[in-house]
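To start, the structure under review is shown below, and the notes come after it.
Keep in mind that this is a model prediction, so the values were computed, not measured.
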Amino acid sequence: MNLNLPIFDRVADCKNILIAGMGGGFDIFCGLPIYFELKARGLNVHLANYSFSYLEDFQEGTRLTKSLVGVTAGDGELFMPYFPERYLSQWFREKRGEEVPIWSFQKLGVRPLLNDYQTLVNHLNIDCILLIDGGVDSLMHGDEAAVGTIVEDTISLVAVGELKDVPVKLTVCVGMGAEQDMYYPATFENIAELAAVGAFLGSCSLTKHFSSYQAYEDAVLFVQSRSYQDPSVINSSIVSAVQGKHGDYHLTQKTKNSQLSISPLMAIFWFFELTAVAERNLFYSHIGTSETFHDALRSVMFATHRLNKRALSRNRLG
């Protein structure tokens, strides 16, 4: 069985596709089912991530700039408490016999991230970018009652949105309902607005019968089992949902003291035109010149205080 990608016609003629985690941390893992599906269909696909790992002094891999490195499996132990990109590359080597670099962008502001994206686009001749969001906070405009961790997603959204020579740019969300600090009725309103202008491209669901899902689950569990590696709440929730769990189910000890609401919604991929998502983000114009993450964070906080919050919907998720 194959993952029924609604955007396959959009990417089928692309020569070099980049799947990039937009919100940092484990977001790139959320793109793995799509990666395996596209690879199985004969397409050339690369992986990248807006990284929360400490990259500046990392000595292995392929360094293209001070803040962009192709992280590889390396040799021997590397005592870093949080490095999902390296562990993912190790999984490719140990489980699939493949040497796959995970191109990792240091957690910076829009200007250096844009420069690094342009460097990687030139290096790999990228003609398609799929920005992957673990969760749906990348769909927030900024005036909702709760917007999740919108800053990281917005930085990536703005940087990729500014690339002029990449003809296909899409955003993808998965893990609906896994984030705790979100107002989900506004999410559905935002999706409806994107659908009205033709920017919602469709959705598809993961099931445990897909080989692309099975490889993804194995990678998540492998990386989360590494010593000192903090597990991903969103990816754990997605795995739980695909395995048929529901309600307050906890795959990892990390979430034991919280209330979860695992549901089938978490296994659904949602696909959108990147430009349409970006132009609805109310922070876009505020962070375009940011050099550091904290520059962007301050700009978002400053702008937030001046936004009129959207009226609450009566609808609820679930």
Side-chain angles (χ1 to χ4, degrees), residues 1-21 26-49 71-73 84-103 128-135 168 170-176 178 201-226 229 231-232 234-246 249 251-252 262-271:
M1 296 179 66
N2 296 320
L3 186 60
N4 185 25
L5 293 174
I7 48 89
F8 184 71
D9 288 346
R10 295 288 304 278
V11 305
D13 294 329
C14 295
K15 304 300 182 185
N16 293 287
I17 300 168
L18 181 67
I19 296 178
F26 273 79
D27 269 13
I28 186 52
F29 286 76
C30 296
L32 288 178
I34 301 173
Y35 170 86
F36 294 123
E37 186 65 39
L38 294 179
K39 292 282 286 186
R41 299 191 191 194
L43 298 181
N44 193 31
V45 193
H46 305 272
L47 295 170
N49 201 36
V71 173
T72 56
E85 296 89 357
R86 188 171 194 263
Y87 292 130
L88 177 56
S89 189
Q90 288 179 350
W91 176 83
F92 272 105
R93 173 186 286 178
E94 293 183 23
K95 294 300 187 75
R96 299 174 70 89
E98 301 172 9
E99 298 296 329
V100 177
I102 312 301
W103 295 98
C128 171
I129 295 179
L130 303 181
L131 273 186
I132 306 293
D133 181 16
V168 180
L170 309 176
T171 62
V172 188
C173 299
V174 65
M176 171 88 73
L201 304 177
S203 60
C204 61
S205 295
L206 292 168
T207 77
K208 58 185 178 182
H209 305 294
F210 297 157
S211 59
S212 57
Y213 167 77
Q214 293 163 7
Y216 155 74
E217 180 186 293
D218 193 65
V220 170
L221 297 182
F222 173 90
V223 172
Q224 293 192 163
S225 71
R226 301 303 91 184
Q229 178 60 57
S232 164
I234 289 179
N235 282 279
S236 296
S237 298
I238 295 168
V239 168
S240 299
V242 176
Q243 291 299 333
K245 306 303 181 182
H246 185 265
Y249 175 82
L251 182 67
T252 74
I262 305 300
S263 85
L265 282 173
M266 296 176 180
I268 300 175
F269 281 109
W270 307 75
F271 298 85

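- Judged by distance alone, the side chain of Arg93 and the main-chain N or O of Ser89 form no donor-acceptor pair under 3.5 Å.
- To the nearest 0.5 Å, the span separating CD1 on Ile238 from CD on Gln243 amounts to 13.0 Å.
- Using a 4.5 Å heavy-atom threshold, the side chains of Arg10 and Phe271 count as separate.
- The aromatic ring centres of Phe269 and Tyr216 sit 6.0 Å or more apart.
- Side chains of Lys245 and Ser237 form no contact here, defined as non-hydrogen atoms less than 4.5 Å apart.
- Shown here for His209 and Gln214, the closest heavy-atom pair between the two residues is O-NE2, 3.5 Å.
- With a 6.0 Å radius and a threshold of 12 heavy atoms from other residues, nucleotides or ligands, Lys15 has its NZ atom at or below the threshold.
- Closest approach of Ile234 to Gly134, counting heavy atoms only: CD1-O, 2.8 Å.
- Val242 places none of its side-chain heavy atoms less than 4.5 Å from the side chain of Glu217.
- Looking at Tyr213, Phe29, Phe92 one by one, the single match for ring pair (Phe, Tyr, Trp, His ring centres under 6.0 Å) with Tyr35 turns out to be Phe92.
- Closest approach of Cys30 to Val174, counting heavy atoms only: CB-CG1, 3.5 Å.
- Without hydrogens or angle criteria, Arg86 side chain to Ala73 main chain gives a donor-acceptor distance under 3.5 Å.
- Side-chain N or O atoms of Asn49 include none that pairs as donor or acceptor with a backbone N or O of Glu85 at under 3.5 Å.
- From Cys128, atom SG reaches atom CG of Leu38 across 8.0 Å, with rounding to the nearest 0.5 Å.
- Using a 4.5 Å heavy-atom threshold, the side chains of Leu32 and Ile19 count as separate.
- Counting only heavy atoms from C-beta outward, the side chains of Val71 and Leu88 never approach each other to under 4.5 Å.
- Across every non-hydrogen atom of Pro33 and Ser212, the tightest pair is O-CB, 3.4 Å.
- In Asn44, the CG atom is crowded: over 12 heavy atoms of neighbouring residues, nucleotides or ligands sit closer than 6.0 Å.
- Taking both residues in full, the closest heavy atoms of Cys204 and Leu3 are given as SG-CD1, 3.9 Å, listed atom of the first, atom of the second, then distance.
- The closest side-chain heavy-atom distance from Thr171 to Asp133 is not below 4.5 Å.
- Side chain of Ser203 to main chain of Trp270: no donor-acceptor pair is present (N/O by atom type, distance under 3.5 Å, no hydrogens or angles).
- Side-chain contact check for His46 versus Asn16: some heavy-atom pair is nearer than 4.5 Å.
- Not a single donor-acceptor pair under 3.5 Å links the side chain of Thr72 to the backbone N or O of Pro101.
- Taking the side chain as every heavy atom from C-beta outward, Trp91 and Arg96 approach each other to under 4.5 Å.
- Taking all atoms of both residues into account, the shortest heavy-atom contact from Ala12 to Leu43 is O-CD2, 3.5 Å.
- Rounded to the nearest 0.5 angstrom, Phe222 CZ and Gln90 CD are separated by 6.0 Å.
- Taking CD1 of Ile28 as the reference point, atom CG of Leu47 lies at 4.5 Å (rounded to 0.5 Å).
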task: Kindly determine whether Ile132 and Ile34 satisfy side chain to side chain contact (heavy atoms under 4.5 Å, CB included), including the steps that lead there.
output: CA-CA 10 Å; Ile132 306 293; Ile34 301 173; 4.2 Å; yes
